[in-house]
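In this chain, residues are counted from 1 in sequence order.
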Amino acid sequence: MTPSRPYLLRAFYEWLLDNDMTPHLLVDANARMVQVPQQYARDGQIVLNIAPQAVVAFTMDNEAISFNARFGGVPQQLYIPMAAVLAIHSRENGAGTFFPPESAYEAWQEVQSAPAEKTDVTDGDKSPSPRPDGRPTLRIIK
C-alpha cells in the first residue's frame, strides 16, 4: 500500500486552517534531500510555519512539500520529502499529530546509511551555528 502520511498531513493541514489555527510542521532536518535553513534547526529538527500567510508557492503532493519562506528577512526555497515530516500541529494549542513510522519511508531512510553532505539553502557563512538546548514539544489533544 502507499504511505498514508501525505493524506493524513493534508487532512490535518486543512482541519487546522478551517479552525483558524496556524499549522506548523516538525521536520527531520537531517533527512535525505531536505532543504531547510540548517541554522534554525535544533537537535536535528526544525519547526516550520506553513500557514498560507507565511509561505509563497506552497505545494504539497504525495512525495514532498515545497514552498518559499523568509528567514531573518531572507527569502529561501524549502523542500521537505514526506519521509522527513515528523508531525503537524497548531501553534496556538498544540492540536495535531505525530506520524507513525511507515515501511515505505523506512526503506527510503535506509538509503541514507552514511551521512550525506547537506545542502544548506542559505548563502554566505557556512560555519555551524550554536544550537540551543531542548527539543520541540507537541501536545496531543484526545
Side-chain angles (χ1 to χ4, degrees), residues 1-123 126-142:
M1 290 183 69
T2 61
S4 62
R5 187 172 307 174
Y7 303 95
L8 295 173
L9 181 61
R10 282 191 291 271
F12 271 95
Y13 176 75
E14 289 180 22
W15 175 68
L16 291 171
L17 292 178
D18 286 350
N19 285 281
D20 297 319
M21 298 288 151
T22 307
H24 282 195
L25 281 184
L26 177 62
V27 174
D28 178 353
N30 295 324
R32 187 167 64 95
M33 297 174 57
V34 168
Q35 294 179 358
V36 296
Q38 292 293 323
Q39 68 269 30
Y40 294 98
R42 295 182 194 169
D43 298 324
Q45 299 178 344
I46 188 168
V47 177
L48 301 168
N49 179 350
I50 58 168
Q53 61 271 26
V55 299
V56 177
F58 182 84
T59 61
M60 181 179 349
D61 60 27
N62 289 351
E63 303 303 318
I65 300 166
S66 65
F67 56 92
N68 295 317
R70 290 186 174 270
F71 291 84
V74 178
Q76 299 185 36
Q77 174 68 38
L78 284 77
Y79 181 83
I80 300 111
M82 280 296 160
V85 177
L86 303 174
I88 184 169
H89 67 276
S90 159
R91 177 181 66 196
E92 291 80 6
N93 65 9
T97 190
F98 279 97
F99 294 106
E102 294 186 71
S103 59
Y105 296 138
E106 288 171 13
W108 186 87
Q109 290 290 358
E110 287 174 9
V111 174
Q112 185 196 356
S113 57
E117 202 171 301
K118 298 289 301 159
T119 303
D120 192 344
V121 295
T122 61
D123 291 312
K126 299 292 183 187
S127 61
S129 60
R131 297 181 190 262
D133 293 324
R135 294 183 64 116
T137 60
L138 177 66
R139 183 173 61 114
I140 299 177
I141 308 279
K142 293 184 179 182

>> To check you understand the geometry: which heavy-atom pair defines the closest contact between P6 and D61, and what is its length?
In response: CB-O, 4.1 Å
> Are the side chain of Q45 and the backbone N or O of A29 linked by a donor-acceptor pair below 3.5 Å?
Replying inline: no
> Hey, does F99 have a side-chain heavy atom less than 4.5 Å from the side chain of L8?
Replying inline: yes
> Does N19 reach the main-chain N or O of M21 with its side chain, forming a donor-acceptor pair under 3.5 Å?
Replying inline: no
> In Å, rounded to the nearest 0.5 Å, how long is the span from CG of L9 to CD1 of I50?
Replying inline: 6.0 Å
> To the nearest 0.5 Å, what is the distance between CD1 (I46) and CZ (R42)?
Replying inline: 9.5 Å
> With no hydrogens and no angle check, is any side-chain donor or acceptor of R70 less than 3.5 Å from a backbone partner on Q76?
Replying inline: no
>> Using every non-hydrogen atom in the two residues, find where P23 and I88 come nearest and quote the distance to one decimal.
In response: CB-CD1, 4.3 Å
> Would you find a donor on one side and an acceptor on the other, under 3.5 Å apart, between the side chain of E102 and the backbone of R5?
Replying inline: yes
> Any side-chain heavy-atom pair from V34 and D28 closer than 4.5 angstrom?
Replying inline: no
>> When you compare the side chain of L26 with that of F98, does any pair of heavy atoms fall below 4.5 Å?
In response: yes
>> Students often mix this up, so state it plainly: with edges at 30° and 60°, are the rings of F58 and Y13 parallel, tilted or perpendicular?
In response: parallel
> Under the side chain to side chain contact (heavy atoms under 4.5 Å, CB included) criterion, do M82 and N62 qualify, and how do the steps go?
Replying inline: CA-CA 7 Å; M82 280 296 160; N62 289 351; over 6 Å; no
>> Looking at every non-hydrogen atom in both residues, tell me the closest pair between A64 and P81 and how far apart they are.
In response: CB-CA, 3.9 Å
>> Can you confirm whether S66 sits close enough to Q77 that some side-chain heavy atom of one is under 4.5 Å from a side-chain heavy atom of the other?
In response: yes
> Do the non-hydrogen side-chain atoms of V27 and L48 ever get within less than 4.5 Å of each other?
Replying inline: yes
>> Side chains of L78 and N68, heavy atoms from C-beta outward: is any pair under 4.5 Å?
In response: no
> Hey, what do you get for OG (S90) to CH2 (W15), rounding to the nearest 0.5 Å?
Replying inline: 8.0 Å
>> Between I80 and V85, is the side chain to side chain contact (heavy atoms under 4.5 Å, CB included) condition met? List the steps.
In response: CA-CA 7 Å; I80 300 111; V85 177; 3.7 Å; yes
> Which atoms form the tightest heavy-atom contact between G72 and Y40, and what is the distance?
Replying inline: N-OH, 3.6 Å
> Considering all heavy atoms of both residues, which atom of E92 and which atom of D20 are nearest to each other, and what is their separation?
Replying inline: OE2-O, 4.5 Å
> Can you list the steps and then say if L16 with H89 is a side chain to side chain contact (heavy atoms under 4.5 Å, CB included)?
Replying inline: CA-CA 8 Å; L16 291 171; H89 67 276; 5.8 Å; no
>> If you apply the rule side chain to side chain contact (heavy atoms under 4.5 Å, CB included), what do you find for V36 with Q38, and how did you get there?
In response: CA-CA 6 Å; V36 296; Q38 292 293 323; 3.5 Å; yes
